[in-house]
Structure formats: structure tokens, C-alpha cells
Amino acid sequence: PDNLKALFRTVAMMVPDYAMIAEIKLYSYGYEDSRSLAQKIVTTYKLCSEQLSSQKHYDYGMRAVFAVLVQAGRLKRNNPSQQENILMMQSVNDVNLAKFLDFDVPL
């Protein structure tokens, strides 16, 4: 009804840019190649959501991306001379490998 519609206003929502958020977070942790690494993280989670089995405990949203970023920051702080792409790969493995079921691990 029009009288009820007048009490509410329209709201526009948009999907956050995970790559930009990840890039800024990686810069804050001291990563120099953060743009390409952030894009790789987002692409990795997109591929995981498409190719891995559908399980209730699998999470590929911002919470999962943020967990990988926090682990990557921790690894960078502990190993500042290590290559950044190796640190990122290790952080993705550290965060996700325990969650995956045995038949999803080879993918």
C-alpha cells in the first residue's frame, strides 16, 4: 500500500570488492605485491566455490578471505625475507586445508 510505502525509503546495496579490501589489508601488513596477490586470493576462492563439493562448513566469503589475510600478515611478520607468493600460498593452505574433506584436497 502507498501509505506504508511512504514510511520506508529505497536502499541500494552492492557487493563489496574483495580484491580491493584484500589489497589494502596486504599493504598494511607490508606486502609489496599486494595487488596481484589479492586478485589471486579472490580468484582462488571463486574457483573453490565452483569446483569443490558443497558442504555446510565451507565458507568462501569475506570471512574466509580475511582469515587468510590475517594469517598472511602473521607469516610476513615472522618471515620478512621470505617470498610473498610463498607466504600467501602457505597462509591459504594453513587456513583452508583443515576444513576440506579428503576428496576435495586434491583439487
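Applying the salt bridge (Lys or Arg N to Asp or Glu O under 4.0 Å) rule to Arg35 yields the partners Glu23; only residues at least two apart in sequence or on another chain are considered.
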Review point. Side chain to side chain contact (heavy atoms under 4.5 Å, CB included) between Leu75 and Met88: does it pass, once the steps are laid out?
Key: CA-CA 8 Å; Leu75 290 174; Met88 190 57 59; over 6 Å; no
Practice item. Apply side chain to side chain donor-acceptor pair (under 3.5 Å) to the pair Asp33 and Ser36, showing each step before the final yes or no. Key: CA-CA 6 Å; Asp33 190 23; Ser36 69; 2.8 Å; yes
Exercise for review: Take Val11 and Met13 through the side chain to side chain contact (heavy atoms under 4.5 Å, CB included) test and state the conclusion after the steps.
Suggested key: CA-CA 6 Å; Val11 176; Met13 297 187 72; 4.1 Å; yes
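Of the candidates Asn96, Val92, Val95, Val95 is the only one forming a side-chain contact (heavy atoms from CB on, under 4.5 Å) with Gln71.
Put simply, CG on Asp17 and CE on Met62 are 9.5 Å apart, with the number rounded to the nearest 0.5 Å. A distance of 12.5 Å separates OG in Ser34 from NZ in Lys25, rounded to the nearest 0.5 Å. Distance CD/Gln90 to CG/Asp94: 5.0 Å, rounded to 0.5 Å. Between the CG atom of Leu69 and the CD1 atom of Ile41 there is a distance of 5.0 Å, given to the nearest 0.5 Å. Remark: Lys5 NZ to Thr10 OG1 distance equals 10.5 Å, nearest 0.5 Å. In this structure, Leu87 CG and Asn78 CG are separated by 9.5 Å, a value rounded to the nearest 0.5 Å.
No single ILVMFWY cluster, assembled from side-chain heavy atoms under 4.5 Å apart, contains both Val42 and Met20. Criterion: ILVMFWY side-chain heavy atoms under 4.5 Å apart, direct or through other members. Under it, Leu97 and Ile86 are not part of a common hydrophobic cluster.
For Lys46, the NZ atom is loosely surrounded, since the number of other residues' heavy atoms within 6.0 Å does not exceed 12. Around atom CE of Met89, no more than 12 heavy atoms belonging to other residues, nucleotides or ligands sit under 6.0 Å away. In the displayed structure, Tyr58 atom OH is contacted under 6.0 Å by more than 12 heavy atoms of other residues, nucleotides or ligands.
Under the 3.5 Å distance criterion, the side-chain polar atoms of Glu84 are matched with a main-chain donor or acceptor of Glu32.
Side chains of Val70 and Tyr29 form a contact here, defined as non-hydrogen atoms less than 4.5 Å apart.
A tilted orientation is assigned to the rings of Tyr45 and Tyr60, their planes being inclined by 30° to 60°.
The shortest heavy-atom contact between Asn85 and Leu37 is CA-CD2, 4.0 Å. When all heavy atoms are compared, the tightest approach of Ala19 to Ala38 is O-CB, 3.4 Å.
Remark: Lys76 qualifies as a cation-pi partner of Tyr31 under the 6.0 Å distance and 45° angle criteria applied to the six-membered ring.
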